[in-house]
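Below is one structure; the comments refer to it alone.
Side chains are part of it too, since the values below use all heavy atoms of this structure and drop only hydrogens, waters and symmetry mates. Remember, it's a predicted structure, so these values are computed and weren't measured experimentally. By convention in this document, chain letters (A, B, ...) are assigned in the order of the sequence lines, proteins followed by strands, and residues within each chain are numbered from 1.
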Amino acid sequence: MSKYRTHKCNELRKSDVNKNVSISGWINKKRDHGNLLFVDLRDNYGITQCIIDRENKNFLELEKTQLETVIKVNGKVVNRSDETRNKDIETGEIEVVISEYEILGTCKELPMPVFSDQEYAEEIRLKYRFLDLRRKKIHENIILRSKVISYIRNEMTNLGFLEFQTPILTSSSPEGARDFLVPSRLNPGKFYALPQAPQQFKQLIMVSGFDKYFQIAPCFRDEDARADRSPGEFYQLDLEMSFVEQEDVFNIVETLMVNTFKNFSDKKLMYDIFPKIPYSEAMLMYGSDKPDLRNPLIINEITEIFNREDVTFDIFKKLVKSGFKVRSITTKNTKDKPRSFFDNIDKWAKDQGASGLAYFTFEKDNKISAKGPVGKFFSEEALLEIMKITKSEVGDSIFLACGKQKELEKITALARDKIANDLNLIDDNTFAFCWIVNYPMFEKDELTKKIKFSHNPFSMPQGELKDIDFENPLDILAFQYDIVCNGIELSSGAIRNHKPDLMYKLFSIAGYSKSDVDEKFSGMINALSYGAPPHGGIAPGIDRIVMLLANEKNIREVTMFPMNQNAQDLMMNAPSDINQEQLKELNLSIKTKN
RNA sequence: GGGGGUGUAGCUCAGUUGGUUAGAGCGAUCGCCUGUCACGCGAUAGGUCGAGGGUUCGAGUCCCUUCACUCCCGCCA
């Protein structure tokens with residue numbers, strides 16, 4: 001028998017009445033009636049009401065004991081009368097009459113209450129994370145995270161994947177995010193980098209012949225935080241498979257996601273087979289490569305309309321002549337919405353830095369007409385053409401944005417979310433997954449005008465080698481894909497390029513010489529020269545999956561010990577100063593500003 | 001690096017056009033209370049109004065600077 005307890009705080013029932021028990025936990029709440037004291041004792045599993053009265057010699061002492069003190073209680077289980085049962089807790093039929101108790105861990109005055117549903121400032125929550133984590137909601141989120149991870153681990157093993165660890169101290173890579181660097185004591189002046197992802201290692205595992213690999217892998221990127229992006233570190237379900245094509249990866253991940261989400265959430269899945277949307281189509285229809293498919297609004301391109309003689313909307317016409325494009329969003333049956341609805345959206349767009357959103361509503365009297373500030377600029381024929389392109393009907397409204405393609409994609413994507421939220425079109429009780437496929441291999445850097453890899457330089461270009469048009473690199477598509485759920489990017493993946501010659505060729509287009517590649521990616525390129533299997537994989541973000549399952553908007557709500565936005569750990573005081581001896585040993589000196 | 005929001009008691013917040021001694025709930029301390037489950041009742045302590053400067057007879061309130069937290073843009077292959 002345990003020294004500390006015979007039962008956990010969620011275990012006692014009517015059938016235990018008259019048993020002598022001991023339970024241990026935190027004092028969650030006291031209700032003091034002067035000669036009678038109720039103590040709610042809480043542990044990881046639940047809450048049990050304990051009771052003590054003035055007859056007991058320890059009464060006065062317990063009455064004065066702080067909340068969140070850890071105590072062990074010995075006592076007898078008694079039945080509660082009908083009117084005093086608590087249906088909200090598992091142990092509500094009984095209570096424990098305290099005969100004696102022992103303080104196991106004292107507690108100072110609390111900087112923040114544990115028993116409360118109140119929201120607290122992030123700063124105090126992070127500083128006293130161990131108190132914050134005792135609170136019900138986040139305690140349950142962290143338990144959910146644990147269960148999801150062990151479920152995924154189990155599924156992956158069942159699917160024939162082997163789990164391997166890869167190095168945490170590795171080399172800095174020129175592509176991608178900023179690295180976290182670690183100075184090397186034994187190699188003065190040289191640095192390790194923490195892995196942004198185990199990208200090269202997982203490919204090396206395939207070259208080593210292990211066929212199917214996975215890992216719940218820590219990844220480190222020194223970039224600024226967002227609500228759904230921890231600063232510093234996060235976790236991926238990293239996986240890689242040999243002798244596969246894109247579809248094989250999709251099948252595995254779809255099965256895994258569908259099972260996981262059905263197992264851990266009551267929300268509906270919009271698709272069991274996830275739609276596959278080409279990148280170019282996603283950018284047109286949703287203005288984004290991470291569309292929220294719960295949102296029914298679709299973006300249409302109607303630039304051509306503004307070259308018509310019978311359209312006199314001169315501002316747009318001029319812009320279109322100079323190469324701008326016009327895209328639209330149709331809202332169904334919004335003819336009765338007040339003027340303020342439309343104007344608010346226009347004003348909102350201006351706040352976002354756009355030039356605003358023009359709008360009108362399709363009406364029909366004798367003939368089709370457009371109601372709204374710019375409606376008069378469109379002939380009936382032009383309106384009919386717009387209705388055809390955008391699948392709009394009488395009674396629908398249309399929002400118009402004009403701009404260069406990049407700006408246009410951005411503002412229409414934001415507007416699509418904004419309008420759908422205003423019209424309450426998004427079903428919060430649904431998960432909508434999709435694949436975004438056919439990413440371009442390269443893109444042009446807006447600033448430097450140079451060609452660079454648009455995603456992963458190790459991705460395999462599509463098509464037979466002899467058919468690839470290296471003269472027009474921007475037209476080359478890659479076997480590169482993203483998985484998206486409810487507008488959140490869960491992961492990128494790819495079929496990898498396992499052919500060294502092709503790799504050199506692609507890197508040369510992005511401005512890397514053969515010797516650059518040999519130097520920066522020596523491990524990889526060398527390995528690919530000794531018999532590499534075709535392989536590919538993906539790495540869904542664990543934190544974001546748990547965030548979706550826990551219905552949280554902020555990643556810190558599913559992270560046990562997160563850092564704040566400035567990448568500081570307020571509880572552990574990291575990062576911190578180091579002493580002179582440490583610096584000396586590492587051959588480093590600190591340059592102070594100014 | 002840039003933009004927005006917030007900052008008043010240990011915690012959550014109120015504080016009007018600038019005007020008396022800056023308030024409430026929770027928590028803490030003390031007292032009363034034997035059936036509560038957000039127990040109830042009474043009292044007490046607790047404030048650099050984020051910091052610095054300015055305007056003014058007078059600043060929590062207006063202006064400037066700055067700091068912290070947070071959300072967003074940039075960034076995140």
Side-chain angles (χ1 to χ4, degrees), chain A residues 28-42 47-56 59 63-64 66-68 78 80-89 91-92 95 97 107-128 131-132 173-179 196-197 199-200 219-234 290 351-353 410-411 414 439-443 445-447 452-459 478 480 482 489 491-494 510 539 541 553-554 556 563-566 568 570:
Chain A
N28 192 56
K29 190 69 188 165
K30 288 186 296 186
R31 288 172 296 281
D32 187 355
H33 291 237
N35 293 310
L36 178 73
L37 174 67
F38 295 98
V39 176
D40 290 342
L41 204 62
R42 182 197 74 239
I47 287 178
T48 302
Q49 174 167 287
C50 305
I51 184 166
I52 187 169
D53 68 16
R54 203 172 268 281
E55 310 271 290
N56 191 304
F59 177 83
E63 199 183 22
K64 297 273 177 275
Q66 279 272 2
L67 296 184
E68 294 305 310
V78 300
R80 291 210 218 175
S81 65
D82 284 348
E83 56 296 353
T84 63
R85 288 205 178 106
N86 185 347
K87 292 185 189 67
D88 297 331
I89 58 174
T91 58
E95 60 198 7
V97 178
C107 181
K108 297 198 287 188
E109 188 179 340
L110 295 166
M112 59 178 282
V114 171
F115 172 73
S116 169
D117 293 330
Q118 201 121 44
E119 306 265 357
Y120 301 105
E122 205 76 33
E123 200 172 353
I124 194 144
R125 292 183 59 193
L126 294 183
K127 182 163 181 197
Y128 296 96
L131 291 178
D132 191 35
S173 66
E175 288 283 321
R178 203 174 284 119
D179 284 318
Q196 296 179 20
Q199 180 63 39
Q200 295 190 58
C219 304
F220 305 90
R221 296 175 191 178
D222 189 2
E223 297 292 350
D224 290 354
R226 287 288 183 278
D228 64 350
R229 207 166 79 199
S230 294
E233 56 193 75
F234 61 98
K290 41 181 181 177
D351 289 343
Q352 298 299 312
K410 200 174 141 194
I411 190 63
L414 289 170
Y439 274 84
M441 189 82 214
F442 298 101
E443 65 186 12
D445 189 304
E446 291 291 309
L447 285 175
K452 61 174 194 178
F453 289 107
S454 68
H455 272 71
N456 187 327
F458 305 123
S459 297
Q480 163 88 43
D482 275 12
E489 182 194 319
S491 175
S492 284
K553 293 245 174 332
N554 194 299
R556 290 186 297 273
M563 296 199 284
N564 71 7
Q565 194 169 42
N566 294 321
Q568 300 159 338
L570 300 176

G47(B) versus U8(B) - spacing of their C1' atoms, nearest Å: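 So the two C1' atoms sit 8 Å from each other.
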With both distances under 3.5 angstrom, what nucleotide forms a Watson-Crick or G-U wobble pair with [N]?
{"N": "U6(B)", "value": "A68(B)"}
{"N": "G58(B)", "value": "none"}
{"N": "G25(B)", "value": "C11(B)"}
{"N": "U36(B)", "value": "none"}
{"N": "C30(B)", "value": "G42(B)"}

*Set of residues satisfying salt bridge (Lys or Arg N to Asp or Glu O under 4.0 Å) with respect to E489(A), sequence neighbours excluded*: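 By the salt bridge (Lys or Arg N to Asp or Glu O under 4.0 Å) rule, E489(A) matches no residue at all.
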Atom pair distance, as rounded to whole Å: [atom1] in [X] and [atom2] in [N]:
{"X": "E63(A)", "N": "U36(B)", "atom1": "CD", "atom2": "P", "answer": "18 Å"}
{"X": "F115(A)", "N": "U36(B)", "atom1": "CZ", "atom2": "P", "answer": "16 Å"}
{"X": "Y120(A)", "N": "G10(B)", "atom1": "OH", "atom2": "P", "answer": "15 Å"}

Exercise. In terms of the nearest nucleotide of RNA chain B, which residue is placed more toward the 5' end: M112(A) or E95(A)?
Worked result: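 Final value for this comparison: M112(A).
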How do N35(A) and N86(A) order along RNA chain B: which one's closest nucleotide is nearer the 5' end?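 In this pair, the answer is N35(A).
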* Asked: Are any of the side-chain nitrogens in E68(A) or K108(A) under 4.0 Å away from the carboxylate oxygens of its partner?
  ->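 No, this pair does not count.
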Residues R31(A), D40(A): salt bridge by 4.0 Å N-O rule:
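So R31(A) pairs with D40(A) through a salt bridge.
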Under the criterion of centre distance below 5.5 Å and interplanar angle below 30°, is H33(A) classified as stacked on the base of C33(B)?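 A stacking contact does not exist, since H33(A) is not both close and nearly parallel to the base ring of C33(B).
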Problem set entry | N564(A)-E123(A) side chain donor-acceptor pair, cut-off 3.5 Å |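 There is no such pair (donor and acceptor under 3.5 Å, judged by atom type) between the side chains of N564(A) and E123(A).
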Quiz item: How would you list, by chain and number, every residue that makes a ring pair (Phe, Tyr, Trp, His ring centres under 6.0 Å) with F220(A), sequence neighbours excluded?
Solution: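 In terms of ring pair (Phe, Tyr, Trp, His ring centres under 6.0 Å), with neighbours along the sequence ignored, F220(A) is linked to no residue.
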(request) Please name all residues satisfying ring pair (Phe, Tyr, Trp, His ring centres under 6.0 Å) with F115(A), sequence neighbours left out, ordered by chain then number. (result)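 If we apply the ring pair (Phe, Tyr, Trp, His ring centres under 6.0 Å) test to F115(A), skipping adjacent residues, there are no hits.
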Using a heavy-atom cut-off of under 4.0 Å over every strand shown, decide if [X] touches base, sugar-phosphate, or nothing.
{"X": "R54(A)", "value": "nothing"}
{"X": "E489(A)", "value": "nothing"}
{"X": "I124(A)", "value": "sugar-phosphate"}

Contact list (N/O, under 3.5 angstrom) for nucleotides 24-31 of chain B vs protein:
none

- Choosing from C39(B), U12(B), U34(B), which nucleotide comes nearest the side chain of A121(A)?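 Among C39(B), U12(B), U34(B), the one nearest the side chain of A121(A) is U12(B).
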Letter by letter from the 5' end, nucleotides 70-77 of chain B scores (B base, S sugar-phosphate only, - none; protein heavy atoms under 4.0 Å) BBSBBBBB
Check your understanding: Distance check: side-chain N/O of R31(A) vs OP1/OP2 of U36(B), anything under 4.0 Å?
Key ->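 Indeed not, no polar side-chain atom of R31(A) lies that close.
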| More than 12 non-hydrogen atoms from neighbouring residues, nucleotides or ligands closer than 6.0 Å to NZ on K30(A), yes or no? |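 Yes.
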Using the 3.5 Å cut-off, write out each protein N or O paired with an N or O of nucleotides 7-9 of chain B and the distance between them.
none

